[in-house]
Amino acid sequence: MQLVRKAVFPVAGLGTRFLPATKAVPKEMFPVVDRPLIQYALEEARASGIEEFIFVTAPGKEAIEAHFRPDPELEHALAAQGKTEAHEAITAYLPDPHHVHFTLQTEALGLGHAIWCARELVGDEPFAILLPDDLVQSETPCLKQLLDVYEEKGGNVVGVMDVPREETRRYGILETGEDDGRLAEVRGLVEKPDPAQAPSTLSIIGRYVLQPEIFDLLAERRQGAGNEIQLTDAMARMIGGTPFHGLRFAGHRFDCGERLGFLEASVAYALARKDFGESARAMLEGYAKKG
Ligand code: G1P
């Protein structure tokens, strides 16, 4: 079985749900406590064993590239001032510059098209995709859980969770075959179906392990829901030819592409912090009492 060494991070989206904040700042740079969303995604991938990091970005989102580039001047200034913690904070997360790659999606044609833009950087090997809007708090990194399934079953694996039926039109939805309550065989996939038509309430969240054949299907540029080139539609066409599973991962997923989800993530991550979780709790309790 071929190892999964590469991860693609599609970060070209416009972030319209977060305007005006996203006018000049990419949503992937929004901080949850003190780290931008994109850093959580990269750290999850690295903790899962990924070695190459591929960003599909767009003009105007240069801050993402800057975040992963070493900044010798700032490092030097912090070191000179003896600010060791701050120095550590801006260096420890940095991947080796030779293992970080950027490519541009110049037209907003959908998630499927964004992934297709990474085809040459990925090449002919299985790869992972992480959508940084979906932040997952878990003991074992979410992507690592998918990779463990991949090593056992091969083929394609997506992270899934049950959502209320009225929310199916926000997600890619599974039609399931065999299902042991943790791992579900994928028999069909529909992008953003109406609740009445949804084949289940099992939804894809932004973690995928896919075979490179997906690129041939995406190359056909077929339009789907919202007239966009959908990743889900291309994945649906791989069903049958290769094993395909949905994993109900262990962990809590926050939808940081949405205001309340982002706020919830900020609260949850603040409470989980050793350095000021206690003070955050006391502050929140104060607000709760005010009613
Ligand atoms: C994308 C995918 C969808 C998936 C979702 C997870 O939708 O197209 O299948 O369920 O991410 O967050 P988007 O959130 O970009 O509309």
Side-chain angles (χ1 to χ4, degrees), residues 7-19 22 26-28 30 37-38 40-41 44 56-58 61 105 107-118 128-137 142-143 146 156-176 184 186 188-195 197-210 214 217-218 221-239 244-249 251-262 264-265:
V8 176
F9 305 85
V11 292
L14 295 174
T16 37
R17 277 182 290 180
F18 260 112
L19 280 168
T22 45
K27 63 175 173 176
E28 295 81 8
F30 287 5
L37 281 172
I38 191 62
Y40 287 96
E44 179 187 324
V56 180
T57 177
K61 300 191 103 178
Q105 182 190 25
E107 293 167 285
L109 297 178
L111 178 61
H113 178 256
I115 299 304
W116 179 78
C117 291
I129 301 171
L130 295 95
L131 308 187
D133 275 3
D134 284 321
L135 185 56
V136 183
Q137 198 179 35
C142 184
L143 181 62
L146 265 69
N156 300 316
V157 187
V158 289
V160 297
M161 63 183 263
D162 266 301
V163 298
R165 185 160 275 275
E166 61 273 18
E167 289 181 15
T168 58
R169 58 166 70 85
R170 290 172 47 195
Y171 299 98
I173 302 290
L174 271 62
E175 184 190 327
T176 57
V186 179
L189 286 170
V190 204
E191 179 68 5
K192 304 199 167 88
D194 278 342
Q197 264 95 54
S200 77
T201 53
L202 208 51
S203 309
I204 302 176
I205 65 104
R207 300 293 182 277
Y208 310 76
V209 175
L210 296 179
I214 193 83
L217 301 167
L218 291 170
R221 298 170 74 107
R222 294 193 195 179
Q223 284 189 346
N227 292 328
E228 293 188 342
I229 302 170
Q230 295 291 353
L231 179 62
T232 304
D233 296 345
M235 291 194 302
R237 294 169 61 207
M238 294 172 95
I239 297 168
F244 205 144
H245 294 90
L247 171 69
R248 291 181 186 83
F249 55 91
H252 192 104
R253 171 259 188 179
F254 301 94
D255 181 0
C256 292
E258 192 254 327
R259 286 168 291 188
L260 208 54
F262 181 78
E264 191 190 353

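Counting starts at 1 for both ligands and their atoms, following the listed order. FYI, the numbering just counts along the sequence from 1.
- Which parts of ligand 1 touch D134 is read off a 4.0 Å heavy-atom cut-off, strictly below it: atoms 6 (C), 12 (O).
- Nearest heavy-atom pair, P199 versus I173, reported as atom, atom and distance to 0.1 Å: CD-CG2, 3.9 Å.
- Regarding atom 2 (C) of ligand 1, its nearest protein heavy-atom neighbour is E191 OE2, 3.6 Å.
- Looking only at heavy atoms of the protein, atom 13 (P) of ligand 1 is closest to K192 NZ, 3.7 Å.
- In terms of polar-atom proximity, G172 is counted as a contact of ligand 1, with an N or O under 3.5 Å from an N or O of the ligand.
- E44 and C142 get closest at one heavy-atom pair: OE2-CB, 3.3 Å.
- Shortest non-hydrogen contact noted between W116 and R221 is CZ3-NH1, 4.2 Å.
- Among the atoms of I204, some N or O lies under 3.5 angstrom from an N or O of ligand 1.
- Just one residue in the list V186, V157, L174 forms a side-chain contact (heavy atoms from CB on, under 4.5 Å) with F244, and that residue is V186.
- In terms of polar-atom proximity, Y171 is not counted as a contact of ligand 1, lacking any N or O under 3.5 Å from an N or O of the ligand.
- Side-chain N/O atoms of Q105 and H113 include a donor and acceptor closer than 3.5 Å.
- Inside a 4.0 Å radius of atom 15 (O) of ligand 1 there is not any protein heavy atom.
- In this structure, the side chains of I239 and L189 come closer than 4.5 Å at one or more pairs of heavy atoms.
- With respect to D133 and K27, a salt bridge is recorded, a charged nitrogen being found less than 4.0 Å from a carboxylate O.
- Which parts of ligand 1 touch T232 is read off a 4.0 Å heavy-atom cut-off, strictly below it: atoms 9 (O).
- For atom 11 (O) of ligand 1, the closest non-hydrogen atom on the protein side is L131 CD1, 3.4 Å.
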